[in-house]
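A quick write-up on the structure given underneath.
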Number of protein chains: 2
Amino acid sequence: MAHGAVTIIDVARAAGVSKSAAARVLAQNGSASDVTRKKVLEAADRLGYRPNQLARAMKSGATNTIGIVVPDVAIPFFSAVLRGLTDTARAAGFEVLVSNTDNDADIEARSLELLAEQRVDGIVIAPVFQPEPSALIRLQNEGMPIVLLDRRMPGLEELPLVSIDHVDATEQAVRSLIELGHRRIALLTEAVQVHSTLEAFTEGPGQGSDVSLLRPSAQRLIGYLRALRQAGIAIDEDLIIRSGYTTELAQEAVEAFLDRSPDVTALHATDAVLSSGAYRGIRSRGLRIPEDLSLIGFDDQDWTTMVQPPVSVVEQPRQRLGATATTTLVGMIRGGTAEPRRQMLAAELLVRGSAAPR
Amino acid sequence: MAHGAVTIIDVARAAGVSKSAAARVLAQNGSASDVTRKKVLEAADRLGYRPNQLARAMKSGATNTIGIVVPDVAIPFFSAVLRGLTDTARAAGFEVLVSNTDNDADIEARSLELLAEQRVDGIVIAPVFQPEPSALIRLQNEGMPIVLLDRRMPGLEELPLVSIDHVDATEQAVRSLIELGHRRIALLTEAVQVHSTLEAFTEGPGQGSDVSLLRPSAQRLIGYLRALRQAGIAIDEDLIIRSGYTTELAQEAVEAFLDRSPDVTALHATDAVLSSGAYRGIRSRGLRIPEDLSLIGFDDQDWTTMVQPPVSVVEQPRQRLGATATTTLVGMIRGGTAEPRRQMLAAELLVRGSAAPR
DNA sequence: TTGAAAGCGCTAACAG
DNA sequence: CTGTTAGCGCTTTCAA
């Protein structure tokens with residue numbers, strides 16, 4: 001290593017003491033006389049000594065590094081999470097290694113393997129949905145501290161999860177629409193489940209199987225069903241707009257929907273990508289927001305406050321999600337204290353001008 | 001280390017060969033008989049051996065890790081750069097460690113120090129503007145491979161820089177406005193230099209001192225001056241709108257400007273943040289785009305295609321900037337071949353509906 | 001082809 | 001308080 005070639009031995013030699021004496025003062029543990037300390041510190045400073053964390057990690061078994069694995073750091077949600085994550089990690093004395101998976105299970109597995117080889121002390125991951133998350137399970141079994149972000153799936157029941165309350169998020173949005181007097185409320189979703197499949201979950205918290213094992217999109221759909229059921233509004237499958245996960249597909253889906261359902265008065269899009277598609281679709285059909293159709297989007301994206309009127313959205317505390325995940329992970333790394341199996345941060349409905357009374 | 005506790009010694013023992021024999025086959029160098037190879041591989045597989053990159057790095061002096069230091073990974077420009085960076089790094093066999101500086105020189109210095117302690121093989125950095133980037137210079141002197149991203153400053157002349165051609169980017173936008181017949185063209189800028197200071201740079205490429213040592217904002221201002229000068233349009237200091245670096249300040253600056261200069265027909269905002277402020281300011285003054293005022297923004301942000309009409313912008317190839325920086329860095333790490341001192345990727349004017357003929 | 005041994009930089013007993 | 005010593009896991013001569 002060209003840079004930082006000065007080692008603890010160089011310092012010791014320059015200070016005229018033994019290697020271990022130097023090590024003791026440099027690592028701030030063990031004891032040393034004032035004069036030794038001074039000599040060592042002075043020498044270290046003069047030589048530009050910089051501790052080699054590799055060697056430290058080698059001995060201690062702790063790299064003070066954590067890994068984060070997400071689909072794509074360029075997606076605003078994840079880049080904000082990453083920000084919260086890095087800040088918190090730094091404050092706790094950890095560096096962070098990032099990986100993108102592009103929602104590919106193989107890439108994810110490879111990334112996890114690489115992080116493990118780097119001997120990270122723990123991992124925060126927004127896992128790719130897959131039938132058998134074996135790479136993750138393997139690491140878990142080996143005792144690697146792992147925190148799930150945003151979602152969980154079967155096989156990962158034991159891992160702590162940090163996310164918003166997806167059910168509640170959509171429930172809030174839809175309920176606010178109901179309170180505005182809307183009855184024909186459409187939901188734009190990526191979920192594929194028909195509502196009868198989700199019936200068991202709509203009866204309120206604590207019922208049925210574990211909601212947290214469903215995809216966020218399905219959980220949000222449940223929130224919609226719950227809000228309607230609570231208000232005594234019958235579920236109409238036709239009001240549930242299914243869409244693939246791109247803005248273009250969402251736009252097309254919304255356009256087709258609007259063409260066949262002119263009586264709808266409100267729409268809630270359950271995701272950032274779907275929200276922009278919805279907005280585009282509504283505009284392309286010449287409908288005015290909120291006069292002709294009320295809209296509530298998801299995630300506080302830039303554009304939602306740049307358009308007229310600004311769009312009401314359900315906002316996720318993105319940075320706090322990252323920060324909380326990190327705090328939890330650090331707790332696992334340091335303490336081994338049992339971490340909460342699920343931490344749900346509150347999503348907040350930002351009321352702006354895109355939803356009006358009916 | 002609880003996880004991955006199986007070492008090369010365990011494998012060797014299980015395979016009934018020596019440590020070094022196992023090491024040779026596992027590291028794919030040196031020679032080994034087929035039978036040995038088979039036994040070792042089988043044992044490694046059965047035991048779930050995972051190489052310890054720390055130990056490898058310890059010996060080889062290469063961690064196969066690079067660091068990236070930016071103001072804020074949550075800013076769309078940097079998150080996209082990071083994406084390009086990580087992809088390219090991975091493909092070249094490197095992991096990436098991220099740091100945010102919040103444009104604070106002290107945090108930057110601390111981050112660099114930490115990366116150096118982690119023994120990263122190289123660093124890509126969008127440096128904080130500061131009179132004396134001593135932490136960076138120190139690392140440079142120690143031989144750390146470093147690539148500058150987006151900007152350079154005095155003291156860092158020797159480091160390779162990867163950025164767009166800031167001068168050309170603005171020049172393109174302003175020239176297109178001129179071609180549309182505009183003469184009273186305003187520029188929204190964060191730069192503080194008055195145009196006479198920049199006079200020397202406006203005479204075309206290759207003249208005067210090194211443009212690359214100026215801030216991007218100043219370079220972009222030069223592009224504006226050049227375009228006007230080439231078209232024989234006199235520079236009017238009053239058309240240069242100075243703003244602090246927030247959307248709010250930009251909006252206020254534009255509003256105040258519009259109030260005092262009703263004869264302006266076009267405006268170019270030289271940065272993403274300033275662009276949204278400009279858009280808001282224009283709308284709040286009730287001006288129609290492009291009927292009353294033509295607008296060209298900077299950076300292809302989400303909102304620019306969500307509003308009506310969509311906003312023309314100068315787009316930076318963000319991911320490619322990250323990829324190019326990484327390729328350059330890897331070249332320095334591996335080869336020591338002299339890297340180009342500056343690589344300028346072309347910015348592209350995306351023509352949409354916000355600029356109209358005059 | 002194979003094994004023994006040294007050593008990367010640091011920490012942590014253990015004696016003195 | 002201080003120095004000697006033994007590794008952490010791996011790679012890499014060097015002999016055999």
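Values below: every heavy atom of this structure, side chains too, minus hydrogens, waters and symmetry copies.
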Next on the checklist: Using whole Å, what does the distance between atom C1' of nucleotide dT11(D) and atom CZ of Arg56(B) come to?
Outcome noted: 9 Å
Item to check | Side-chain touch Asp121(A)/Pro145(A), heavy atoms, less than 4.5 angstrom | outcome: no
Checklist entry - Knowing that exactly one of Thr328(B), Thr327(B), Thr324(B) qualifies, which makes a side chain to side chain donor-acceptor pair (under 3.5 Å) with Gln343(B)? => result Thr328(B)
Item to check | Spacing of Ile146(A) atom CD1 and Leu139(A) atom CG [to the nearest 0.5 Å] | outcome: 5.0 Å
Checklist outcome for this item: Output for pair (Glu117(B) CD, Glu95(A) CD), nearest 0.5 Å, gives 9.0 Å
Checklist entry - How about Lys19(B) and Arg13(B): do any of their side-chain heavy atoms sit closer than 4.5 Å? => result no
Checklist entry - Taking side chain as C-beta onward, heavy atoms only, is Gln53(B) less than 4.5 Å from Arg119(A)? => result no
Checklist entry - How far does the helix from dT1(C)-dA16(D) to dG16(C)-dC1(D) bend, going by the axes of its first and last five pairs, to the nearest 10°? => result 50°
Checklist entry - Got Ile125(A) and Leu148(A) here, is their nearest side-chain heavy-atom distance under 4.5 Å? => result yes
Checklist entry - Asn29(B) side chain N/O closer than 4.0 Å to the phosphate oxygens (OP1, OP2) of dT11(D)? => result no
Item to check | Side chain to side chain, Pro216(A) and Asp150(A), heavy atoms closer than 4.5 Å | outcome: yes
Item to check | Distance in angstrom units between Ile9(A) CD1 and dG3(D) P, rounded | outcome: 14 Å
Checklist entry - Which of residues 12-25 of chain A sit near DNA chain C, with a heavy atom under 4.0 Å from it? => result Lys19(A), Ser20(A), Ala23(A), Arg24(A)
Checklist entry - Over how many whole Å does the gap from Ile8(A) atom CD1 to dC8(D) atom P extend? => result 19 Å
Item to check | Nucleotide dG7(D), atom P - distance to CE of Met58(A) in whole Å | outcome: 14 Å
Next on the checklist: Distance under 4.0 Å to a non-hydrogen atom of chain A counts as contact; along DNA chain C, which nucleotides mark the start and end?
Outcome noted: dG9(C) to dA13(C)
Checklist entry - Whole Å only: how far is the CG atom of Leu26(B) from the P atom of dT12(D)? => result 13 Å
Checklist entry - Can you find a pair of side-chain heavy atoms, one from Arg24(A) and one from Thr36(A), that are under 4.5 Å apart? => result no
Item to check | Interatomic distance, Glu108(A) atom CD to Leu112(A) atom CG [nearest 0.5 angstrom] | outcome: 5.5 Å
Next on the checklist: Measure NZ/Lys59(B) against C1'/dG7(D) and give the value in whole Å, please.
Outcome noted: 15 Å
Next on the checklist: For the CE atom of Met58(B) and the OG1 atom of Thr63(B), what is their distance to the nearest 0.5 Å?
Outcome noted: 12.0 Å
